[in-house]
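Okay, so here's the structure we're looking at.
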Number of protein chains: 2
Amino acid sequence: MYTMSQAFRLKQSIEDAVIAGEFQPGDRLDEASLAERFGVSRTPIREALLQLGAEGFIDVRPRRGAIVSVPSPTRLFEMFETMAEIESACGRLAARRLTPDNDAAMEAAHRACETAARNGDSEQYYADNRNFHEAIYRASRNSFLADQAFALHKRLSAYRRIQLRARNRLLQSLQEHAGILEAIRAGDEQLAATRLHDHVLVQGERFSDMVLGLSPGGQSPAESRRQTAK
Amino acid sequence: MYTMSQAFRLKQSIEDAVIAGEFQPGDRLDEASLAERFGVSRTPIREALLQLGAEGFIDVRPRRGAIVSVPSPTRLFEMFETMAEIESACGRLAARRLTPDNDAAMEAAHRACETAARNGDSEQYYADNRNFHEAIYRASRNSFLADQAFALHKRLSAYRRIQLRARNRLLQSLQEHAGILEAIRAGDEQLAATRLHDHVLVQGERFSDMVLGLSPGGQSPAESRRQTAK
DNA sequence: ATTTCTGATCTTGCATACAATTACCATATG
DNA sequence: CATATGGTAATTGTATGCAAGATCAGAAAT
């Protein structure tokens, strides 16, 4: 559709640029330079930035401009923990409601991940991994929940990418995917939820650990590690 | 604070008006009349509306103006189901991490609900119920997750209110609260999650049933039509 | 009577102008 | 040397004007 407003397109473009890592956390998003870059006036740029701010994607500070959000280690851990809860909810529903279509979509995404992992192509794996997780969101057959999951996944993408660069993590991630898929297909809601939860949270913990070298008083990831035992 | 931008204040005002029911689902949010009403130009109004749209609170359709969202019965059910998943996640974490402070806050909110229920004051119960649930969100000790829960709770408030009017539902709700509190205090994550899930979802199911019985669109179209002329 | 077309009118989207606030930097001062 | 201070530049917030799309009423056609 070509009748879409510029502001909406700009919102998408800026979001893409942030996800692609062109603007990194902490970078300033100057209205004037963005306007020049995209060849429009400041008005639609402002509208795009404010919307991204409302979604939590960037941080717009009144009268002081917008920057790409810089969550504290604690905050980051909380975001991953929330992602873990939302994903496990998706997995639980998927296990309950799985249809052949959704099954096929997950299978295809999983195969793609497998190829990327075998080639050690972490950039490709990053993309395919996203597709795999999105296939699970859709398999929940709750489009609202899936939308929430998409949104949070996008917000965390900048942090996930860094962390997937470790080579052996790729293979481990792939194996976890296989286990998740197995549980969903078996219709085992509890197992699917647990496996997804751990899969997501281990990423968060690893990254938090990485960042947590300097910050004091943050919530220790180790503290929450014992959720598997019930 | 008086250094806050108008757009931000307007966003709050419009949101409040929607929650208060002044604008009902389906009502048009005309930029010009809102600008006149608040004594500002269209620019900050637009910015407020776009932000509310990004949060999912209202529905801004390109070139066709903003309206208060009118979720379909299916969508509404999905929203309640998602709320149930998020709340049960909060309950699970609360059971794991409960502190005396959070315990006391939940207790106080529960007592208030009890009084309101005994008096059959559904309007008061509506407010106290909100406090009780928010106390649980905070008890999760994950502020990001709690924020997500707050936001969704607000979006659903218009629909929850209607449904709490039934008198015996008040007492049943109160008893469910007691069971939830008990499970959290016992540190039983699984039980807390299940009870919260059911507590929230039963509301969603009841309301969805209610809407499904009516004509599609919920509120009568005749009433929304009146708003357009001025 | 219902549908389709057409032009007038209203509304939104964007650009520009200006006002208000913050950031910057050189200089003065203890 | 560190810290205040003043003024200027840079940036954000709001108002206004105009163009393009959407809405609506009434006439024409089936």
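Note on naming: letters A, B, ... go to the chains in the order of the sequence lines (proteins, then strands), and numbering restarts at 1 for each one. Both backbone and side-chain heavy atoms feed into the values below; hydrogens, waters and symmetry mates do not.
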Under 4.0 Å between a side-chain N/O of B:Ser41 and OP1 or OP2 of D:dA15, yes or no? yes

Specify the separation, in whole Å, of atom CZ of B:Arg61 and atom C1' of D:dG21. 14 Å

Pair A:Glu55 + A:Lys11: basic N to acidic O under 4.0 Å: yes

In whole angstrom, give the distance that lies between atom CD of B:Glu36 and atom P of C:dC10. 15 Å

Spacing of A:Lys11 atom NZ relative to C:dC14 atom P, expressed in whole Å: 14 Å

Interatomic distance where CZ belongs to B:Phe8 and P belongs to D:dT12 [whole Å]: 18 Å

What is the distance, to the nearest angstrom, from the CD1 atom on B:Ile45 to the P atom on C:dG13? 14 Å

Specify whether B:His153 and B:Tyr137 have parallel, tilted or perpendicular ring planes, treating 30° as the upper limit for parallel and 60° as the lower limit for perpendicular. perpendicular

Atom-to-atom span, CZ of A:Arg46 to P of D:dT14 - whole angstrom: 7 Å

Please report the distance, rounded to the nearest Å, between CZ in B:Arg42 and P in C:dC14. 11 Å

Establish whether the base of C:dT16 is bridged to the side chain of A:Thr43 by a donor-acceptor pair shorter than 3.5 Å. yes

Indicate whether any N or O donor in one side chain lies under 3.5 Å from an N or O acceptor in the other, for B:Arg160 and B:Asn129. no

Could you check how far CZ of B:Phe38 sits from P of D:dT14, rounded to whole Å? 14 Å

All heavy atoms of B:Leu196 vs all of B:Gly91, minimum pair found to be CD1-CA, 3.6 Å

Minimum-distance nucleotide (side-chain atoms of B:Pro44 versus D:dA15, C:dC14, C:dT12): D:dA15

